[in-house]
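Both backbone and side-chain heavy atoms feed into the values below; hydrogens, waters and symmetry mates do not. Residue numbers start at 1 and run along the sequence shown.
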Amino acid sequence: MTELRQRVGREQEVEEKLPYVPGNFQEAETEAESEVKTDGETASDSESKTDTGGTQQGTPTDDTPEVLNRALANLSSRWKNWWVRGILTLAMISFFFIIIYLGPIVLMMIVMCVQIKCFQEIITIGYNVYHSYELPWFRTLSWYFLLCVNYFFYGETVTDYFFTLVQREEPLRILSKYHRFISFALYLTGFCMFVLSLVKKHYRLQFYMFGWTHVTLLIVVTQSHLIIHNLFEGMIWFIVPISCVICNDIMAYMFGFFFGRTPLIKLSPKKTWEGFIGGFFSTVVFGLLLSYVMAGYSYFVCPVEFNNDTNRFTVDCEPSELFQLQEYHIPALFRSVIGWKTVWMYPFQIHSIALSTFASLIGPFGGFFASGFKRAFKIKDFANTIPGHGGIMDRFDCQYLMATFVNVYIASFIRGPNPSKLIQQFLTLRPDQQINIFNTMKSHLTEKGILGNDNGV
């Protein structure tokens, strides 16, 4: 029993030494918990207090641009926050339009930059805890593992979507052939480096941070890779989901700001049912309208492909049935209400309902998850990158969850076998293997009556 108590005492001592992340600390609430809270405002509650009951040390810094501070000096803090968020939201939306105009390659580069920044923000929180023990290699190993995982995922993407180019260049062909072995060797090197960095008496903390890094890689890198895959299916699969999340975030904030009365969830006490419901209906309508506009342009609906002749990305194709107007009969129940018997729609608009519903009903749980994470470390935001909004991760916490859903949705309900990829793989086989496949296909088509015995169709 004495040994057990000593062990528990040592563990408690380690936990007491574990510092919280310095930076944007939340202030303790002075108002009653029953005070009405609205969507979009920074959450702050009794968890912001320290274990001793007092407020945290450190004063939150105001990172609002000075020009906005002067222009909004006469407004209350509530309305000042509303205007700051609104102005910077419009600026971010304008930037989003610009990168869409610049094309898919720029979008991919932006996704990569966002991924790196989100990873840096999460790892910095862990580093501030880890660094207090002056243990080696944590930050170095974290970035090394990021490099390894990106090498693996983007190598798979290059092999998949740039197959002809890879086969044409000898160095790329060799790297592609042994890509997974090289990826594993790189990861194994990092794994051995971690084992060598273990320090006596701090094993538990080091394994904790090892897990921290890998969970961050799972959340950030894996899902950003799925975003790239969605983009290759057509820019509409990239733009509509992201826009639905943005719309839901804005409309939930607006409805909550003006009409919010009923708290939604304790993890984020300023979220309200009014904002949640208002955001849902607004996002569904927005998704239908945006899909109708974008489905008429081949630039948005065609898969992003690499043209081997011009060595450039192309988005030119004959739109599939998913993006061709079709006539739908309205159920009799609704005919008397709207007065129409039929309506012309793109089939993609029906899929957009599923996307916008997920973005407004399930997507916010990514934000709730992030709120719980921040409260666990008593921080207000992941970083100060965007005044009034926090860090990049604060803006993309719902986007990553949405990206996974879109990728699963496409694989389950949209994507079919890709003949061009099958042909590419067929051409890389040995001649005897190609002849074997040819004879098998010939026999199969003959049995089905598609190919005659005289080799005529």
Side-chain angles (χ1 to χ4, degrees), residues 96-97 99-109 111 156-168 226-244 286-329 342-356 403 405-428 437-438 441 444-445 448 450-451 456-457:
F96 185 53
F97 285 143
I99 62 175
I100 289 173
Y101 174 77
L102 294 176
I105 188 66
V106 176
L107 285 172
M108 295 178 197
M109 294 174 62
V111 170
E156 293 282 312
T157 301
V158 168
T159 301
D160 194 20
Y161 290 97
F162 305 91
F163 185 83
T164 306
L165 175 63
V166 170
Q167 294 301 314
R168 193 172 62 194
L226 297 181
I227 293 177
I228 298 295
H229 272 240
N230 298 341
L231 180 58
F232 275 109
E233 295 297 325
M235 291 179 65
I236 195 169
W237 291 104
F238 174 88
I239 297 172
V240 170
I242 287 181
S243 299
C244 284
F286 172 80
L288 285 169
L289 295 176
L290 180 63
S291 300
Y292 181 82
V293 173
M294 296 187 65
Y297 296 90
S298 59
Y299 178 76
F300 296 119
V301 304
C302 290
V304 179
E305 297 178 345
F306 186 78
N307 189 312
N308 295 293
D309 297 327
T310 61
N311 289 328
R312 298 182 63 182
F313 286 101
T314 60
V315 285
D316 186 24
C317 69
E318 182 67 27
S320 66
E321 293 184 359
L322 197 62
F323 304 105
Q324 295 179 11
L325 282 172
Q326 298 183 20
E327 187 178 20
Y328 292 91
H329 293 277
T342 61
V343 63
W344 287 86
M345 294 177 59
Y346 293 102
F348 179 80
Q349 288 181 271
I350 299 175
H351 294 291
S352 75
I353 297 176
L355 299 179
S356 57
F405 172 74
V406 174
N407 190 268
V408 172
Y409 189 88
I410 292 174
S412 302
F413 304 108
I414 304 298
R415 184 193 298 134
N418 191 325
S420 62
K421 291 183 180 179
L422 292 176
I423 293 174
Q424 290 174 352
Q425 294 176 351
F426 176 80
L427 294 176
T428 62
I437 293 176
F438 170 77
M441 290 299 301
H444 175 71
L445 293 175
K448 295 183 67 175
I450 298 175
L451 189 66
V457 178

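For Ser320, the side-chain contact (heavy atoms from CB on, under 4.5 Å) partners two or more places apart in sequence, or in a different chain, are Leu322, Phe323. Partners of Gln324 by side-chain hydrogen bond (donor to acceptor under 3.5 Å, both in side chains), not counting sequence neighbours: none found. By the side-chain contact (heavy atoms from CB on, under 4.5 Å) test, Val158 is found to be paired with Phe162, Val166, residues two or more places apart in sequence or in another chain being considered. Annotation: ring pair (Phe, Tyr, Trp, His ring centres under 6.0 Å) contacts of His351 (sequence neighbours excluded): Tyr409. Take Ser243 and apply the side-chain hydrogen bond (donor to acceptor under 3.5 Å, both in side chains) test, not counting sequence neighbours, and it matches no residue. In this structure Tyr328 satisfies the side-chain contact (heavy atoms from CB on, under 4.5 Å) test together with Gln326, Val343, Met345, Pro347, Ile350, sequence neighbours excluded. Qualifying side-chain hydrogen bond (donor to acceptor under 3.5 Å, both in side chains) partners for Glu233, counting only residues two or more places apart in sequence or in other chains: Arg415. Every side-chain contact (heavy atoms from CB on, under 4.5 Å) that Leu289 has, sequence neighbours left out, goes to Val285. Residues meeting the ring pair (Phe, Tyr, Trp, His ring centres under 6.0 Å) test with Tyr292, sequence neighbours left out: Tyr346. The side-chain hydrogen bond (donor to acceptor under 3.5 Å, both in side chains) search around Ser412 returns none, not counting sequence neighbours.
Using the six-membered ring where Trp is involved, Phe348 and Trp237 have ring planes that are perpendicular, over 60° apart on the 30 and 60° scheme.
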Step by step, work out the side chain to side chain contact (heavy atoms under 4.5 Å, CB included) result for Phe300 and Val240. CA-CA 10 Å; Phe300 296 119; Val240 170; over 6 Å; no

Step by step, would you call Ile236 with Tyr297 a side chain to side chain contact (heavy atoms under 4.5 Å, CB included)? CA-CA 10 Å; Ile236 195 169; Tyr297 296 90; over 6 Å; no

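Taking each heavy atom of Phe238 and Ile227 in turn, the nearest pair found is CE1-CG2, 3.3 Å. Here the closest heavy-atom approach between residue Tyr299 and residue Gly103 is recorded as OH-CA, 3.3 Å. Shortest non-hydrogen contact noted between Gly287 and Ser352 is O-OG, 3.7 Å. The shortest heavy-atom contact between Leu231 and Val304 is O-CG2, 3.4 Å. Contact record, Thr157 with His229: OG1-NE2, 3.6 Å, taken as the closest heavy-atom pair. For the residue pair Cys302 and Asp316, the shortest heavy atom distance occurs at SG-C, 3.8 Å.
From Phe96, atom CZ reaches atom CG of Leu107 across 7.0 Å, with rounding to the nearest 0.5 Å.
Within 6.0 Å of CD on Glu321 lie no more than 12 heavy atoms contributed by other residues, nucleotides or ligands.
With hydrogens and angles ignored, the 3.5 Å screen pairs a side-chain donor or acceptor of Gln349 with a backbone N or O of Leu288.
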